[in-house]
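Following: one structure in structure tokens, then a few remarks.
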Amino acid sequence: MTPEDLGRSLQAEPLLGALKRHGVDFVVIGGVAGLAQGSSYPTYDLDVAYSRDPANLSRLVDALAEIGVTLRGAPPDLPFQLDVQTLGNGANFTFDTEFGSFDVLSDIAGIKSYEELRGASRLKRIAGVDVRVASLDDLISMKRAANRVKDQLMVVEYVELAEELRRRQGGDADV
Amino acid sequence: MDLEPGRLLRETRLRHGLSQQRLARRAGTAQSAISRIEQERVSPTVQTLAELLHLMGEELVLEAGRRDTGVDLSLNRANLELTPEERVQKGLEFADFVRTNRGGEASLQEP
């Protein structure tokens, strides 16, 4: 295992900044969201969930073009037309960027709808950008659904963390 | 759960000296139904298990207790003292540390 296996060093600001500048409706999920919520697990990529609204797809295309994404793991000669139709025909896209691995997802196991995910999210500042971050409850649900060994470990920590936050906030507070 | 429903039922039944047939008669069901539960081929509902235990004069007691997960929350508590932005920055710096030091031990062992 070499450092290269873990991909490039992740720089969140250029990725989140581009999404924000183009007005993309998105929620940070995955390991970065876990970190923002207080997790101690490192992460090597940025995952965001996005609204499938056509206007939002158009904004997402502009942001992805600015970032300069390429399909991760795809042959260099595989054509990838970055446009609304392509995003509309797919759901989850995993990209390489000069700022690190970047995944944009709309079909997410453990989440009923983007609207519910967004509704439970909280505004937090990450890398100087104010963004919506998935709730711990939704992060737990996503990790439970993914259910790989690393996800199972993270579920245990997230549950402990959620309980710690509930003890601090009292009652059945959203976390 | 350490104790499976089937094992609980079997152990209770044997403690009472009952055959599967007799317990099944009390429950108005077939011996094979008791057998399937005890062999863990089917998982009874909590209500079914409670009723079978009632038929032996026992009560099913369920309780939820705090689980010992072994998670050391001190790291998380330290993180909660930071802003979300600081938490992410710290996490990504740690990821870089892991990335750059991964495989270091193997390298040291090489002649």
Side-chain angles (χ1 to χ4, degrees), chain A residues 1-13 15-16 28 30-46 99-101 121-134 136 152-169 175, chain B residues 1-8 40-49 60-111:
Chain A
M1 182 73 69
T2 66
E4 288 71 27
D5 293 328
L6 296 175
R8 293 171 185 269
S9 177
L10 178 62
Q11 300 173 58
E13 191 281 328
L15 301 172
L16 296 175
V28 178
V32 170
L35 287 172
Q37 296 282 18
S39 169
S40 61
Y41 280 102
T43 189
Y44 304 94
D45 62 2
L46 175 66
F99 312 111
S101 298
S121 67
R122 291 286 181 275
L123 272 176
K124 294 182 188 292
R125 173 161 289 204
I126 296 177
V129 185
D130 291 329
V131 294
R132 290 201 163 273
V133 175
L136 259 179
Q152 294 167 5
L153 293 172
M154 292 172 87
V155 164
V156 172
E157 189 207 37
Y158 285 6
V159 168
E160 292 277 353
L161 191 51
E163 292 307 302
E164 172 74 11
L165 289 170
R166 286 210 169 87
R167 280 194 292 274
R168 292 182 179 204
Q169 296 171 14
V175 292
Chain B
M1 188 184 296
D2 293 333
L3 188 57
E4 296 299 328
R7 189 174 152 203
L8 172 64
E40 307 288 352
R41 287 162 57 194
V42 297
S43 185
T45 63
V46 170
Q47 184 179 6
T48 296
L49 183 60
L60 178 64
V61 178
L62 292 178
E63 59 181 10
R66 187 158 176 77
R67 188 164 65 127
D68 181 6
T69 60
V71 171
D72 178 2
L73 270 177
S74 60
L75 286 172
N76 306 96
R77 289 185 179 124
N79 288 342
L80 293 176
E81 298 303 315
L82 306 173
T83 66
E85 184 168 33
E86 290 168 336
R87 295 171 197 163
V88 172
Q89 182 180 348
K90 177 185 165 189
L92 295 186
E93 286 172 358
F94 180 58
D96 277 343
F97 174 81
V98 173
R99 178 185 291 106
T100 53
N101 287 280
R102 215 165 168 176
E105 185 180 352
S107 301
L108 287 173
Q109 291 172 351
E110 291 173 1

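In what follows, every heavy atom counts, from backbone to side chain, and hydrogens, waters and symmetry copies are set aside. Naming: A, B, ... by sequence-line order, numbering from 1 per chain.
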query = Quick one: what part of A/Glu164 sits under 4.5 Å from any heavy atom of chain B, side chain, backbone, both or neither?
reply = side chain

Does some side-chain heavy atom of [Y] sit less than 4.5 Å from a side-chain heavy atom of [X]?
X	Y	value
B/Asn76	A/Glu160	no
A/Tyr44	B/Leu92	no
A/Leu161	B/Asn79	no

Among A/Gln11, A/Arg125, A/Lys124, residue most engaged with chain B (heavy-atom pairs, under 4.5 Å) = A/Arg125

task = Specify the closest pair of heavy atoms between B/Ser43 and B/Pro5, including all atoms of both residues, with the distance to one decimal.
result = OG-CG, 4.5 Å

query = Side chain, backbone, both or neither: which part of B/Glu86 has an atom under 4.5 Å from a heavy atom of chain A?
reply = neither

